[in-house]
> 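Okay, handing you the structure first.
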Amino acid sequence: MNLMATTWKMIVGNSPLCSFACNKKEPLEPQRIKKFGIEHLRFRNDFKLLDKIAQRINVSVSGSGMTRPVNGSEMGVIEDTDFELIGGIIYDACKEQGVNAMPGLLCWEWNLTDKKNIVDQLSYCSREGNLGVGKIFHALVIKTGFCGDKIVDTALVNMYAKCGEIGSAVKVFDGMLSIDVASYNCLISGFLSNEMFDEALGFFAQMGVWEIRPNHYTFSIMISGCGSVFAINEGIQLHAHVVKLQHVVNGVVANSLLTMYCKFGMMENAQSLFQSLPKKNVVSWTAIISGLYQQRALEKALLQFYLMRQHGFEPNEYTLTMALSSCGGIKQFDNGYALHAQLVKKGMASGAFVGTAIVDMYTELGQMDNAEKQLQEMGTIASAVSWNALIAGFVHNNNIEAALKAFHKMVLNYVPIDEYTFSNALKACSSFPSLSTSRQIHCWVIKASSERNLHVASSLIEAYGKCGSLDDAEKVFDQISMPDIVSWNCLVKAYSQHGYFEKAVSLFKKMVVEGVKPSGSTFLAVLSACSHCGLVQEGKEFFKSMLMNYSVIPEETHYCCMVDLFSRSGHLEDALDFIKRLPIKPTASIWRPLLAGCRCHCDLQLGEYVANRILELEPDDASVHVTLSNMYFDVGRLGDLVKQRELMKLKEVKKEPGYSWIEVKNKTYKFFSGDTTHPQTPEVYDLLEKLINDIRISTPHTELGLCNEGKLLYHSEKLAVCFGLLNLPAGTPIRIFKNIRVCSDCHTTMKHISKITKHEILLRDNYRFHHFKQGCCSCGDFW
DNA sequence: CTAGGGTTAG
């Protein structure tokens, strides 16, 4: 309450809403109402309907005005009317509207002249959003002459407002003879639920003109509206009023304030308000939990959830779902299981929302078996969202094959495919990467007219990029009407990954011209292009301009990229200097490219130094020993080599999710994949050594790259073993070349592979070979 | 006539 207690006086003083009797805002003119895009002609249909009813019961409809007092002659009509017959006709009309099940709504015993009944029916329509039936009842209201009655008219306003026909609501409201706070509330609430905050505020301010005082209903409505549209100033002002008028004691008003602050992300205000509530209920607790959850303060959300239970409040489906998701997000396995168990016990686990949340939790915990099992148990309840969650889970957990299988199964089960599905499936294609599958999905996307979705389009660009089909990627990009930063980044990245430095830069310039501000990812792509093309000077300039010209703060990944840029090009001292000047403490990831550079440029002394820095930070990194042992081999220090090999074998290879499999001579080997810095098991290294004699792999970068750690494996459509792929992003397309000569020293594939036409050739005319020349010239084996 | 609210994608 601190905020309120101290500030409301100040706020109230100059609030435009401060006095309800003072009218600073002009009341809404008809012109203004028209400006909202409101149609006033909707009632025509009702007359038609009314005429239809009238014809059938053979009475004339005398009234033409909608909202005027009932006159004597109309009363006469009512007296003559066979209301049972009208009831029957309404029943038929409802059926014609396709309304079958309206339990308790229409029955013969009703007295249709009973005002309360009609109001009940109208509020039923409001709740259900049933405009068609609502209009029929409006017709009945006119027929029976109830229009003009304040309560009936208010019910009509409410009905139209809730059913989304706000123009008709305004029309009825305007025609009302006397207006009270309830009619205003209905209309304001209608504006807010139709996302017309300004109009709601206008009418709220207008109440004062008629000397109608807003009540606690009004404040609840308005406060909730402020929360939805992020109207912070108005919200705080309303809070001040509420304090002044002592409405806070009302639980509903307090809860709406609480929710509003949660939506604003002002959790401190929300918490203090929450603490001050004398009577908390489930809504109050849910608001706080949901607020924390939305702020991604998952631990706090979970804590709040436990507190809620401690205070004896029974969690419902919603609170349980948020608790579940929180467990997934912060990897709380045990609590996750416990919550799942509770949901099963309560019989909620197979509901669509909760069930999906369970699937999602297990994918976040990396337990894909459980996720799949949960989906199976949901059976036909499983929605597209549930399937999407599963597929996304497989993609995140690097099981691409399973992701595509799940996608296939989803199709077989006639689950409707949506944009999320496309995006996920395409992501799987790019990790594979499989051009043919990407194309198939693209066809599907076109058939479903989903190309306009930015997520889908970006995924397509990425997939084509990863599959090496840059023309397709560009075509997809060109078809986007308003590309956003992500779509731009996808295209820049695609060109960058394939070594098209100039193209990446020209795209970068183009996006700036078109008013899209480059992001961290954009710079990462451009810097990476510089690094792979050996363009040290250009890279340095881009790095400088990041912060200076585009105010993008460099992150660890950018630093890695810069170290890589220096190291690849042999500027090892510059790399070291760069690391030492960093504003952050250098991480292992920042040191690693320098170690690779030392290996490639044969600087053993610096290599040892860097290796020690990495091992200080990540003592279990076996790959450091691999590199060192190779460097000792190069200089003939076999004793040191053996030592490193021993150390390497001693160190446990981390057991992380994300493997690839490779089949060689009917035996399956398991590899870590997806992370180029992951060390493989010693068994894998042995295998790779054997394979090196049979298969040569090339990527767009191997020709340029640092070479021959032989530790990287990518899962392509066929087997792929990569050499020299340090710092290559996961999923970079690779092709397999058989019997290609490589540089005997650094295993760099040689330029003349482009002559081997029967295999797919990745080398392009404008491809740069800076590194290749340096590396292989220095080893003297330049053919 | 009023307050709360969960799951998926670039």
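Reminder, nothing fancy here: chain letters follow the sequence lines and each chain counts from 1.
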> Counting the atoms with a prime plus P, OP1 and OP2 as sugar-phosphate, which does A/S189 contact under 4.0 Å by heavy atoms, base, sugar-phosphate, or nothing?
nothing

> Extract all donor-acceptor atom pairs below 3.5 Å that involve side chains of residues 384-392 of chain A and protein atoms in other chains or at least two apart in sequence.
residue : atom : partner : partner atom : Å
A/S386  : OG   : A/T356  : OG1          : 2.9
A/S386  : OG   : A/S383  : N            : 2.9
A/S386  : OG   : A/S383  : O            : 3.4
A/S386  : OG   : A/S383  : OG           : 3.2
A/N388  : OD1  : A/T421  : OG1          : 2.7
A/N388  : ND2  : A/A384  : O            : 3.2
A/N388  : ND2  : A/D418  : OD1          : 3.0
A/N388  : ND2  : A/D418  : OD2          : 3.4

> What's the closest nucleotide to the side chain of A/Y293 if the choices are B/dT2, B/dT7, B/dG4?
B/dT7

> With a non-hydrogen cut-off below 4.0 angstrom, is A/L454 in contact with a base, only sugar-phosphate, or nothing?
base

> Please check if the number of heavy atoms outside A/L277 that lie under 6.0 Å from its CG is greater than 12.
yes

> When you get a sec, tell me which of B/dA9, B/dT7, B/dG10 is the closest nucleotide to the side chain of A/E462?
B/dG10

> With sugar-phosphate meaning primed atoms plus P, OP1 and OP2, does A/H396 contact a base, only sugar-phosphate, or nothing at under 4.0 Å between heavy atoms?
sugar-phosphate

> Take the protein atom CG of A/L426 and the nucleotide atom P of B/dA9, then report the distance between them rounded to whole Å.
14 Å

> Base, sugar-phosphate or nothing for A/N453? Non-hydrogen atoms, less than 4.0 Å.
base

> A/L390 CG to B/dT8 P: how many Å, rounded?
13 Å

> Using atom CG of A/L375 as one end and atom C1' of B/dT8 as the other, report the distance to the nearest whole Å.
12 Å

> What is the separation between atom CG on A/N185 and atom P on B/dC1, rounded to the nearest whole Å?
10 Å

> A/F305 CZ to B/dG6 C1': how many Å, rounded?
12 Å

> Which nucleotide wins on minimum distance to the side chain of A/F353, given the candidates B/dT7, B/dT2, B/dG4?
B/dT7

> Looking at the base of B/dG10, is there any donor atom on it, or on the side chain of A/D484, that sits under 3.5 Å from an acceptor on the other one?
yes

> Only counting residues at least two apart or in another chain, list the ones meeting side-chain hydrogen bond (donor to acceptor under 3.5 Å, both in side chains) with A/S325.
A/Y293

> A/L292 and side-chain contact (heavy atoms from CB on, under 4.5 Å): which partner among A/M322, A/Q271, A/E299?
A/Q271

> Need one value for A/E364: base, sugar-phosphate or nothing, where a base atom within 4.0 Å counts as base even if backbone is also close, heavy atoms only.
nothing

> Does any donor-acceptor pair link the side chain of A/D360 with the base of B/dT7 at a separation under 3.5 Å?
no

> Starting at atom NZ of A/K427, determine the distance to atom C1' of B/dT8, rounded to an integer number of angstrom.
14 Å

> For A/N489, report the nucleic acid contact type (base, sugar-phosphate, nothing); a contact means any heavy atom under 4.0 Å.
nothing

> Does a side-chain N or O of A/K263 approach OP1 or OP2 of B/dG4 to a distance below 4.0 Å, or not?
yes

> Kindly say whether the aromatic ring centers of A/W488 and A/F477 come within a distance under 6.0 Å.
yes

> Do A/F173 and A/Y184 have their ring centres less than 6.0 Å from each other?
yes

> Under 4.0 Å from OP1 or OP2 of B/dT2: is there any side-chain N or O of A/K162 that close?
yes

> Tell me whether the centres of the aromatic rings in A/F264 and A/F230 are closer together than 6.0 Å.
yes

> Please report, rounded to the nearest Å, how far the C1' atom of B/dA3 is from the CG atom of A/N215.
14 Å

> Any idea which of B/dC1, B/dG10, B/dA3 is nearest the A/C186 side chain?
B/dC1

> How would you label the contact of A/V354 with the nucleic acid (heavy atoms, under 4.0 Å): base, sugar-phosphate, or nothing?
base

> Rounded to whole Å, how long is the line connecting atom CD of A/Q304 with atom P of B/dG6?
16 Å

> Under 4.0 Å, heavy atoms only, any strand: does A/F422 hit a base, just the sugar-phosphate, or nothing?
nothing

> Between A/Y160 and B/dC1, does any side-chain N or O lie under 4.0 Å from OP1 or OP2?
no

> Quick check for you: among B/dG6, B/dG10, B/dC1, whose closest atom lies nearest to any side-chain atom of A/A182?
B/dC1

> Need one value for A/S256: base, sugar-phosphate or nothing, where a base atom within 4.0 Å counts as base even if backbone is also close, heavy atoms only.
sugar-phosphate

